[in-house]
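Remarks on the structure that follows.
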There are 2 protein chains.
Amino acid sequence: MDVLVVGAGAIGGYYGGRLAQGGACVSVVARSDYAVVVREGIRIQSPAGDFHFRPDRVVREAEDLGRYPDVILVGLKVLEHIRPEELIRGAMGPKTSVLLIQNGVDVERPVAEAFPENEILSGLAFICVHRTAPGYVLHQDYGRLVLGRYPQGASSTAEKLAEIFRRAGVPCEVTASVVTARWQKLVWNAPFNPMSVLCGGASTAEMLGHEETENLVRAVMQEVCAVASAVGHALPDDVVDRMIADTRTMTPYKTSMLLDYEAGRPMEVEAILGNAVRIARRHGVQVPHMETLYALMCGISRK
Amino acid sequence: MDVLVVGAGAIGGYYGGRLAQGGACVSVVARSDYAVVVREGIRIQSPAGDFHFRPDRVVREAEDLGRYPDVILVGLKVLEHIRPEELIRGAMGPKTSVLLIQNGVDVERPVAEAFPENEILSGLAFICVHRTAPGYVLHQDYGRLVLGRYPQGASSTAEKLAEIFRRAGVPCEVTASVVTARWQKLVWNAPFNPMSVLCGGASTAEMLGHEETENLVRAVMQEVCAVASAVGHALPDDVVDRMIADTRTMTPYKTSMLLDYEAGRPMEVEAILGNAVRIARRHGVQVPHMETLYALMCGISRK
């Protein structure tokens with residue numbers, strides 16, 4: 001399988017490297033990190049064993065690949081100034097599939113609208129991974145992937161990718177309803193990510209350690225369930241209780257949004273909150289707690 | 001009029017000093033600032049002219065005054081560990097009135113319950129004033145007072161105090177419905193104070209400069225109006241629009257909560273949000289936006 005990874009950051013570097021380990025031919029579009037990656041590749045430090053990812057080719061722009069890959073893997077953050085549909089255009093052949101491994105809900109739409117004839121795969125990564133320097137990725141924990149065709153259905157490409165990932169030791173599940181899986185992941189992300197920032201740098205344990213903040217976590221989770229249900233992605237009845245219970249058993253954890261905030265990097269406010277709030281409004285679902293978090297995160301993002 | 005001021009901070013120093021200027025006999029209970037205040041009094045720097053407040057007596061505890069004053073002025077912040085009813089007990093005679101100049105709603109209850117036979121006056125200060133060092137107070141702007149008998153009604157003491165304040169150049173209005181005035185002030189404080197902190201240090205102009213945050217300001221204001229109405233203090237229909245419009249004309253402004261946060265001082269979260277949220281719950285009024293701000297402020301206060 002011929003794969004082009006767009007973005008040599010944490011997600012692209014880690015999962016691109018795993019696909020190469022699993023036997024795919026993997027090239028990389030690197031921009032700010034081009035010089036290092038073309039010379040050195042990407043070194044991944046991982047509890048499962050460090051490894052060195054040497055891409056088949058490293059290019060500055062997708063079109064420089066000079067051929068149409070089977071799959072373009074997009075591991076970019078979801079930020080307003082990053083337009084994945086523009087970044088991949090130069091390598092999009094008629095049979096190229098796109099795999100978006102990104103956070104949030106409704107993040108596939110720009111790419112799906114730009115390439116209505118192509119297969120879009122959507123992926124959720126349950127992983128702690130960071131780019132520590134150009135060409136260096138630190139994999140801290142976890143790594144499971146959930147993949148599926150967007151907006152739904154079976155995909156032989158997804159099955160093949162899952163096979164390659166599993167060969168490289170990445171637990172990978174293929175789902176026929178990836179959008180439902182996205183809503184389910186948002187049940188966790190929508191409260192914990194913004195609240196960790198807004199509560200002044202709180203860990204998951206601190207947020208669940210006090211009645212007022214735990215109640216807010218639950219209220220936001222219930223709102224996400226209500227929106228998911230309104231758009232045809234009803235989640236299990238016990239999802240909120242189960243996520244709260246699971247989170248209590250986790251090592252106290254800094255969310256990705258908090259890490260971004262502390263490092264002065266832009267945060268994925270629209271993917272995690274804005275898109276869901278807009279979908280709620282379009283469907284007449286009341287989400288006042290989530291709206292409040294969204295407005296405050298818009299405020300803090302501007303500072 | 002014989003007045004004892006409890007708390008030699010910004011509010012106590014400024015308004016105590018003005019009462020002395022207006023002709024009252026004013027003593028002060030000072031604790032951490034005792035040594036400076038007993039020796040030097042309190043120096044107030046003000047755009048209306050600097051002045052030097054020499055208290056009649058400076059004591060460490062209310063009971064050290066050795067007599068019952070006509071009025072005890074409490075200018076302390078509303079914080080859990082500060083118990084005004086305990087601090088004033090030693091000077092509370094049968095005819096002593098208490099004037100509480102404090103922020104928030106439902107702040108009079110502990111004192112009113114501890115001294116059911118005494119007259120409680122409640123006061124709202126519209127002022128920018130800070131204690132810059134022991135014995136030093138910086139009056140930056142404004143200064144108007146609204147006073148009234150708690151929970152309602154006429155008071156000849158309030159009229160006399162207003163007379164003395166006015167003699168010293170302090171605009172002072174006496175109201176028969178001071179609790180309504182507190183709710184009205186809360187319409188402004190409940191959104192702007194916490195949001196200025198939660199949005200990462202935003203000024204009033206920044207909060208009103210963007211749709212999402214302006215809408216949140218309005219939503220919280222509407223919730224305060226709904227609670228006020230449920231407890232018999234209906235506010236004018238146009239209060240929200242009027243306050244937004246007035247705030248737009250103000251010089252961009254750092255709220256008192258933001259100043260406290262930036263200085264690492266405790267914030268008046270319960271007076272400004274917690275009390276109102278609990279009253280809303282008791283009366284079955286939905287206040288999800290305010291509840292969200294309250295939970296986040298509880299979280300940030302613990303950090």
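Predicted model, so just to flag it, every value in this text is computed and none were measured. Chain letters run A, B, ... following the sequence lines, proteins first and then strands; every chain starts at 1.
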Practice task
Quick one: which of A:A295, A:S301, A:G201 has the most heavy-atom pairs under 4.5 Å with chain B, could you say?
Solution key: A:A295
Does [atom1] in [X] sit with more than 12 non-hydrogen atoms of other residues, nucleotides or ligands closer than 6.0 Å?
X	atom1	result
B:Q140	CD	yes
A:D246	CG	yes
A:D238	CG	yes
A:R83	CZ	no
A:E86	CD	yes
A:R265	CZ	yes

Practice task
Sort A:L216 into side chain, backbone, both or neither according to what part of it lies under 4.5 angstrom from a heavy atom of chain B.
Solution key: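 For A:L216, side-chain heavy atoms alone lie under 4.5 Å from chain B.
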Would you check if [X] and [Y] make a side-chain contact, meaning some heavy-atom pair closer than 4.5 Å?
X	Y	answer
B:L296	A:L296	yes
B:T213	A:R302	yes
B:L293	A:T292	yes
B:K303	A:E206	yes

Problem - Point-to-point distance, once rounded to the nearest 0.5 Å, from CE of A:M195 to CD1 of B:I300 - result: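 Rounded to the nearest 0.5 Å, the CE-CD1 separation comes to 11.5 Å.
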Practice task
Quick one: pull up SG in B:C199 and CG in A:L198 and give me the separation to the nearest 0.5 Å.
Solution key: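 Reported to 0.5 Å precision, the distance equals 8.0 Å.
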Exercise for the section: Considering only NZ, NE, NH1 and NH2 on the basic side and carboxylate oxygens on the acidic side, decide whether A:R281 and B:E212 come within less than 4.0 Å. Expected result: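 The answer is yes: the pair qualifies as a salt bridge.
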